2 protein chains.
Amino acid sequence: MHLSTRGHYGLLAMFDLAEHYGSGPISLKTVAERQNISDNYLEQLIAVLRKAGLVRSVRGAQGGYILAREPGSITVGDIIRAMEGPIAPVDCVSEVEPAECDQAESCITRLVWTRVRDKLTEVMDSISLADMLRDAENLSIAKKV
Amino acid sequence: MHLSTRGHYGLLAMFDLAEHYGSGPISLKTVAERQNISDNYLEQLIAVLRKAGLVRSVRGAQGGYILAREPGSITVGDIIRAMEGPIAPVDCVSEVEPAECDQAESCITRLVWTRVRDKLTEVMDSISLADMLRDAENLSIAKKV
DNA sequence: AAATATCTTAGCATTCCGCTCGGAATTTGT
DNA sequence: ACAAATTCCGAGCGGAATGCTAAGATATTT
């Protein structure tokens, strides 16, 4: 049950953009440095996010990336699906076009994986970038006290 | 969010053993054929389950494998941990010795992954092989009607 | 025109996956 | 005692994915 760095870095980058939402485009280099990711690599990852319609890009000098929608309407699930494909512990319970299996009807393990998948999507879809911003604020307040 | 075939096949094999719990040792070949897994490969996987203390082996003719404990006391979580290692979407929230990260204290994505991990373990630890046997029974009853 | 960015594609070393194979060790049955 | 059935163990291997690097094309601002 492991995510690749795609999903991991993808969420880091998106959260970084969320933290600076409203201040114009943020350059890839800035995000990469702040999040400690190779900018060459992040370049590829953010291309995926752009194609998925989660970020907008502004080319040229002073360009960069901006969230395509407000932080409240982008969830962790959106980001992970974009970066890692449909959420599914095993292929036969994939969210989209599940792999076929001749014993699917009577397969008990399939029931298990369905429950696991449902819990996964439930959590991931319930957390938005806005929720994370709120968490960040609470955390910094707690620290100051 | 994908399992490897290790976990997938591991659960299939364990459930197969659970279905025949109490009828003496089941040979690897039998399980492999019933579950449609290469027996050469399953041989390696079941070695892992044995080393994890989840199955007992009986060598020699008429030998095979038996669940080490009753089906009610073996959970999906036990099996997945044995086959795939500690449950963790990313290394910094691993159940055992999480990877260190200098920003761990203030990392918001880490909170997200912790919640995901907790949901994952919650589901997996709540389903035992006995539960699955019950599901199988309900399913076959439903079909007959 | 120069500087600053994104965009696109190619490549590449390493690791992991999913297996196959061969043979040693152990137990049962005849 | 011997043959058959089985687990046990380790080596190896092709293919795919991972996590990058690198280089140049394109667009925009100053």
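Labels below follow one simple rule: chain letters A, B, ... track the order of the sequence lines, proteins then strands, and each chain is numbered from 1. For clarity, every value in this text was computed on a predicted model and none was experimentally measured.
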**Complete:** side-chain hydrogen bond (donor to acceptor under 3.5 Å, both in side chains) filter on A/S57, not counting sequence neighbours, yields none

**Prompt:** Is any side-chain nitrogen or oxygen of A/S38 closer than 4.0 Å to OP1 or OP2 of D/dG19?
**Reply:** no

**Request:** Could you tell me which residues satisfy side-chain contact (heavy atoms from CB on, under 4.5 Å) with B/D135, sequence neighbours excluded, listed by chain and number?
**Result:** A/I108, A/L111

**Prompt:** Which residues in residues 90-102 of chain A have at least one heavy atom lying under 4.0 Å from any atom of DNA chain D?
**Reply:** none

**Request:** Kindly check if the number of other-residue, nucleotide or ligand heavy atoms within 6.0 Å of CZ (B/R69) is above 12?
**Result:** yes

**Message:** What is the separation between atom NZ on B/K29 and atom P on D/dC8, rounded to the nearest whole Å?
**Reply:** 17 Å

**Step-by-step side chain to side chain contact (heavy atoms under 4.5 Å, CB included) determination, B/L3 to A/W113** = CA-CA 10 Å; B/L3 226 50; A/W113 299 131; 3.3 Å; yes

**Item:** Side-chain donor/acceptor of B/Q44 to base of D/dC9, under 3.5 Å
**Value:** no

**Under the side-chain hydrogen bond (donor to acceptor under 3.5 Å, both in side chains) test, residues paired with B/T5 that sit two or more places apart** = B/Y41

Please tabulate, one pair per line, all N/O donor-acceptor pairs under 3.5 Å involving side-chain atoms of residues 122-130 of chain B, not counting sequence neighbours.
{"residue": "B/D125", "atom": "OD1", "partner": "B/R81", "partner atom": "NH1", "Å": "2.9"}
{"residue": "B/D125", "atom": "OD1", "partner": "B/R81", "partner atom": "NH2", "Å": "3.3"}
{"residue": "B/D125", "atom": "OD2", "partner": "B/R81", "partner atom": "NH2", "Å": "3.0"}
{"residue": "B/S126", "atom": "OG", "partner": "B/E122", "partner atom": "O", "Å": "3.3"}
{"residue": "B/S126", "atom": "OG", "partner": "B/V123", "partner atom": "O", "Å": "2.8"}
{"residue": "B/S128", "atom": "OG", "partner": "B/A130", "partner atom": "N", "Å": "3.3"}
{"residue": "B/S128", "atom": "OG", "partner": "B/D131", "partner atom": "N", "Å": "3.1"}
{"residue": "B/S128", "atom": "OG", "partner": "B/D131", "partner atom": "OD2", "Å": "3.2"}

**B/R56 CZ - D/dC8 P separation (whole Å)** = 12 Å

**Partners passing side-chain hydrogen bond (donor to acceptor under 3.5 Å, both in side chains) against B/S38 (at least two apart in sequence or in another chain)** = none

Contacts table for residues 138-145 of chain A: side-chain donor-acceptor under 3.5 angstrom, sequence neighbours left out:
{"residue": "A/S140", "atom": "OG", "partner": "A/E137", "partner atom": "O", "Å": "3.0"}

Can you list, pair by pair, the side-chain donor-acceptor contacts under 3.5 Å of residues 23-31 of chain A, counting residues two or more places apart and other chains?
{"residue": "A/S23", "atom": "OG", "partner": "A/H20", "partner atom": "O", "Å": "3.1"}
{"residue": "A/S27", "atom": "OG", "partner": "A/T30", "partner atom": "N", "Å": "3.2"}
{"residue": "A/S27", "atom": "OG", "partner": "A/T30", "partner atom": "OG1", "Å": "2.7"}

**Request:** With the side chain of A/Y65 defined as its heavy atoms from C-beta on, choose the nearest nucleotide among C/dG18, C/dT6, D/dT18.
**Result:** C/dT6

**Asked** What does nucleotides 24-30 of chain D look like as a protein-contact string, B for base, S for sugar-phosphate only, - for none, at under 4.0 angstrom between heavy atoms?
**Response** --BBBS-

**For DNA chain D, the residues among residues 7-27 of chain A that have a non-hydrogen atom under 4.0 Å from it** = A/Y9

**Item:** Nearest-angstrom distance from the residue atom OH of A/Y41 to P of C/dT8
**Value:** 18 Å

**Fill in**
For B/R56, the side-chain contact (heavy atoms from CB on, under 4.5 Å) test, sequence neighbours excluded, returns B/I66, B/A68

**Fill in**
Residues at least two apart in sequence or cross-chain that pass side-chain hydrogen bond (donor to acceptor under 3.5 Å, both in side chains) with B/H2, listed by chain then number, are A/D91

